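We count ligands from 1, going down the list as the structure has it; atoms in each ligand are counted the same way. Just so it is clear, the values below take in all heavy atoms, side chains as well, and ignore hydrogens, waters and symmetry mates. None of these values were measured; they are calculated from a predicted model.
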Amino acid sequence: MSDCLFCKIIAGEIPSTKVYEDELTYAFRDINPMMPTHVLVVPRQHLTGLSAADEASDAVLAACLRACAKVAAQEGLTGGFRVVSNCGDDACQSVKHLHFHVLGGGKMTDKMG
Ligand code: AMP
Ligand code: ZN
């Protein structure tokens with residue numbers, strides 16, 4: 001999608017700090033980190049969010065979760081980590097390209113809402 005921020009990052013048209021990539025996914029550091037480790041994992045395929053999961057293959061969806069685990073291992077998050085995917089206005093999704101926040105590097109609150 002030509003006007004999508006994350007599509008532009010994947011294409012290298014907007015700079016990012018790459019953490020991991022494979023055939024189906026790309027992962028980069030969040031520009032406004034909420035934790036010592038805050039990485040965004042995105043599918044190379046443009047999907048507006050998790051509500052559009054039916055538009056993606058099982059391989060793409062699985063690759064996203066596997067990439068989250070790989071990022072956590074690569075970042076040394078042995079104490080644990082959290083994966084969040086905001087979807088829609090109630091969840092305050094600001095970029096309409098499916099992404100998974102991988103957060104870790106410290107103790108998080110148990111408040112998720
Ligand atoms: P969400 O609010 O769940 O849609 O998350 C979007 C995330 O993208 C936010 O955490 C932003 O800080 C992050 N973000 C926005 N622009 C950039 C960028 N150019 N590079 C890296 N992260 C970004
Ligand atoms: Zn996109």
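- Between the side chain of Q74 and the main chain of V19, a donor-acceptor pair closer than 3.5 Å is present.
- Ion pairing of E23 with R44 is absent here, as no side-chain N (NZ or NE/NH1/NH2) approaches a carboxylate O to less than 4.0 Å.
- Panel detail: the Zn ion (ligand 2) has protein N, O or S atoms under 2.8 Å away, 4 in number.
- The closest donor-acceptor contact from the side chain of E75 to the backbone of L77 lies at 3.5 Å or more, if one exists at all.
- The backbone N or O of G88 lies less than 3.5 Å from a partner atom in the side chain of Q93, making a donor-acceptor pair.
- The ring of H101 has its center closer than 6.0 angstrom to the ring center of H99.
- How far CG of L103 is from CZ of F100: 13.0 Å, rounded to the nearest 0.5 Å.
- No side-chain donor-acceptor contact under 3.5 Å links Y20 and T25.
- Closer than 4.0 angstrom to ligand 1 sit non-hydrogen atoms from L5, F6, I9, F28, R29, D30, I31, N32, L40, N86, C92, Q93, S94, V95, H99, H101.
- In this structure, A52 and L47 approach most closely via the heavy-atom pair O-CD2, 3.8 Å.
- Inter-residue side-chain proximity for V39 and D30 is flagged as unmet; no heavy-atom pair is nearer than 4.5 Å.
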